[in-house]
Amino acid sequence: METFLKLVASDLYSRTNGNLARTAVVFPNKRASLFFNEYLAKEAGRPIWSPAYITISELFRSLSSWEVADSVKLVCELYKVYREITQSNETLDDFYFWGELLISDFDDADKNQAKTKDLFSNLKELKNMMDDLSYMEPEQEAAIQQFFQNFSIERRTALKERFISLWDVLGDIYIQFKENLKQQSIAYEGMLYREVMETFNIDNLPYDTYVFVGFNVLNKVEQGLFKQLRDVGKALFYWDYDEFYMNKKHHEAGVFIKQNLKEFPSPLDASHFDHLNHTKEIQYISSPTENAQARYLPQWIRKNLTEHEKETAVVLCNESLLQPVLHSLPEVVKHVNITMGFPLSQTPVYSFIVALLDLQIQGFNPKNGRFLFEQVIAVLKHPYTRQLTSEAEVLEKSLTKDNRFYPLPGELKKDEFLDRLFTPVNGNLQLTDYLLEVLQQVAIIYRKDADAEEEQQQEQEEAFNQLYRESLFKAYTTIGRFRTLLEEGELMVQSYTYRKLIIRILSSTNIPFHGEPAIGLQVMGVLETRNLDFRHLILLSTNEGQLPKNGGDSSFIPYNLRKAFGMTTIEHKIAVYAYYFYRLIQRAERVDMLY
């Protein structure tokens, strides 16, 4: 099977005659570079200098002196600016979650180089400026006219008043927020990208040639970078597509690739990209539950695992299926490579932190100095508590037998570890120190396991122990970041909001797997499949709402204004996932889709 990356490696090697020391190959993500390097080594058949492999994000970051700031830090900085400009007395608790939305909008506006002065101007001024929007395409002009037709500033309602009052200060908030970040040499990603393009000096680039491989949707800053490199002859562009959707007028998968090929021609002939018009073996399988799909997997793998295991892939449209899938892999799989992070929310340390937060915030009443039975039992039943104290089970039975629904802390402190667990804390800083201390105690479990390991210990059990050690470290460092913000006086929120924040950040954290990616059965999410090709594929949860994912479309900028100013819209998302789907199956021989 001639994969896309193999095709690119062969063409690039012949063009450069293997002289790649001054070349950088840029991918949308890191995973593709590991496979590409293997193809390049086989193509050369001799020792050569490898090109540099970087992602598009790393390329932009390397061209700026700023650092991309922590998401919590960014919202805290935005809150200061919001309070200063609006004179609002809104608390950070109320502001935080829509502050994230606002930063997301600013990020999108900057990545697409929207004319923010016009976008965030007073709505009345914006309507008056309609005659002078010559930089807009006809479709964009129509979108903004539609917005005003639907919005009708003249006829005001309470909701419109609130929208207009916020909108009319957004420009000031945007400018001041960026200025404050600039003074600290930090930025959100879109701000950094935009600054790079506005101060970009092509002579400062460290490599002679930049090879862009397997991109699809380009935002405006990426387009600008590509154009500058193309115009001075410093770039090569390789696009992966298929004639099937390129030749259909309104097929979502080809929308952006057609435009890209026109702007940035590929050196590869179109004859290499005609696969979907040929016969494939495709089977659709309905499943009553998601876990039933994982139960079907061993049967499918035994039948479809290719001689070269890496030519077979299990793609999880719903990434929360990773754990049942890992437990379902049959003995015929010699090697497995997981090209996605393991969700921290599926590890014991996450459930332990949630139980501790609930114990201290919801489970303790400072007025009567008593804990609540439900939260106490949740902590006592947790596996980590059971492993660190032999008193946990005895205490749990005693409280249940005696109906102690409101135990005093003194009743629970049966040993040193329980003393630490059931000591009430006051304020977010004390709560953070409490969590950090308890997690240090939990680390002892894995040190003991590591010392007592037997050589015959099962590999799978040890793999999960390594995973849980890594998850503990990740949780500890994440909570450490919160402590820094609290010490600096940045994060002034109520305990209830603080709990939500910690849980929100931890639940969106993944633990990366380390291993040899170019061997073994591949288990991956949809985004990780970019640029990779497989002979046999099985897609789990190929359902509406999973492909593409639901949600993520909340914004302060109405759809018509987003469209008018060239920002990302829902159509982009649909087209992107249509492309991922068709590109993934275009070279496969057999595809099974479970839903």
Side-chain angles (χ1 to χ4, degrees), residues 26 28-30 54-85 92 95-120 169-202 204-206 210 217-226 228-229 477-478 480-482 484-485 487-491 501 504-505 508-509 552 554-557 562 565-568:
V26 187
N29 59 2
K30 285 185 176 180
I54 52 176
T55 64
I56 191 72
S57 176
E58 289 168 346
L59 176 57
F60 273 101
R61 292 182 191 213
S62 70
L63 298 173
S64 175
S65 58
W66 295 345
E67 291 288 328
V68 173
D70 178 87
S71 60
V72 182
K73 168 79 171 169
L74 287 171
V75 178
C76 294
E77 288 295 327
L78 180 62
Y79 176 64
K80 290 180 195 170
V81 175
Y82 172 76
R83 285 283 301 270
E84 184 185 328
I85 288 174
L92 182 54
F95 175 84
Y96 192 92
F97 298 102
W98 68 262
E100 286 184 319
L101 273 187
L102 211 46
I103 291 171
S104 174
D105 285 340
F106 291 165
D107 182 75
D108 193 18
D110 281 343
K111 283 182 177 173
N112 287 292
Q113 294 185 306
K115 292 190 178 292
T116 48
K117 187 177 178 183
D118 290 350
L119 173 62
F120 295 132
V169 295
L170 272 188
D172 296 332
I173 291 172
Y174 171 79
I175 292 165
Q176 189 60 50
F177 178 49
K178 289 181 74 168
E179 186 56 40
N180 287 11
L181 295 182
K182 190 175 179 179
Q183 287 171 9
Q184 300 174 60
S185 297
I186 57 175
Y188 52 88
E189 197 172 65
M191 175 182 165
L192 183 143
Y193 281 24
R194 191 169 199 157
E195 184 265 347
V196 165
M197 288 313 300
E198 288 171 357
T199 60
F200 184 55
N201 184 347
I202 209 156
N204 293 338
L205 289 172
Y210 286 81
V217 180
L218 303 177
N219 56 46
K220 293 289 194 304
V221 289
E222 289 167 347
Q223 285 177 18
L225 179 67
F226 283 24
Q228 289 200 43
L229 289 168
T477 52
T478 302
R481 272 167 38 211
F482 277 101
T484 304
L485 288 168
E487 278 186 316
E488 292 171 353
E490 299 275 0
L491 197 55
L501 272 179
R504 188 185 180 108
I505 298 293
S508 63
T509 301
S554 302
S555 171
F556 278 99
I557 303 174
R562 295 184 75 85
F565 285 89
M567 294 171 66
T568 307

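Below, all heavy atoms of this structure are taken into account, side chains as well, without hydrogens, waters or symmetry copies. Quick caveat: nothing in here was measured; it's all calculated off a predicted structure.
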Could you walk me through whether Lys178 and Tyr188 pass the side chain to side chain contact (heavy atoms under 4.5 Å, CB included) test, one step at a time?
CA-CA 9 Å; Lys178 289 181 74 168; Tyr188 52 88; 3.6 Å; yes

Check against side chain to side chain contact (heavy atoms under 4.5 Å, CB included), Thr116 and Phe565:
CA-CA 9 Å; Thr116 48; Phe565 285 89; over 6 Å; no

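Shown here for Leu225 and Phe200, the closest heavy-atom pair between the two residues is CD1-CZ, 3.6 Å. When all heavy atoms are compared, the tightest approach of Asp105 to Ser555 is OD1-OG, 2.8 Å. Closest of all the heavy-atom pairs between Val68 and Leu192 is CG2-CD1, 4.0 Å. Between Ala109 and Met567, the shortest heavy-atom distance links the atoms N-CE, 3.7 Å. Here the closest heavy-atom approach between residue Leu491 and residue Phe482 is recorded as CD2-CD2, 3.7 Å. Nearest heavy atoms, Glu195 versus Ser64: OE1-OG, 3.4 Å.
Two rings, from Phe120 and Phe106, have their centers less than 6.0 Å apart.
Tested against Asn180 for a side-chain hydrogen bond (donor to acceptor under 3.5 Å, both in side chains), the candidates Gln184, Gln183, Gln176 yield a single pass: Gln176.
Side chain of Gln223 to backbone of Leu218: a donor-acceptor contact under 3.5 angstrom is found. At least one donor-acceptor pair under 3.5 Å links the side chain of Glu222 to the backbone N or O of Asn219. With Asn112 contributing its side chain and Ala114 its backbone, the two residues share no donor-acceptor pair below 3.5 Å. Panel note: side chain Asp110, backbone Arg194; no donor-acceptor pair is recorded below 3.5 Å. Side-chain N or O atoms of Ser508 include one that pairs as donor or acceptor with a backbone N or O of Ile505 at under 3.5 Å. A donor-acceptor pair is defined here as one N or O able to donate and one able to accept, closer than 3.5 Å; such a pair exists between the side chain of Asp107 and the backbone of Gly190.
Around NZ of Lys80, the count of heavy atoms belonging to other residues, nucleotides or ligands within 6.0 Å exceeds 12.
Electrostatic pairing of Glu58 and Arg61 does not count as a salt bridge here, judged by no charged N lying under 4.0 Å from a carboxylate O. The residues Lys73 and Glu67 are annotated as not salt-bridged, no charged nitrogen and carboxylate oxygen being separated by less than 4.0 angstrom.
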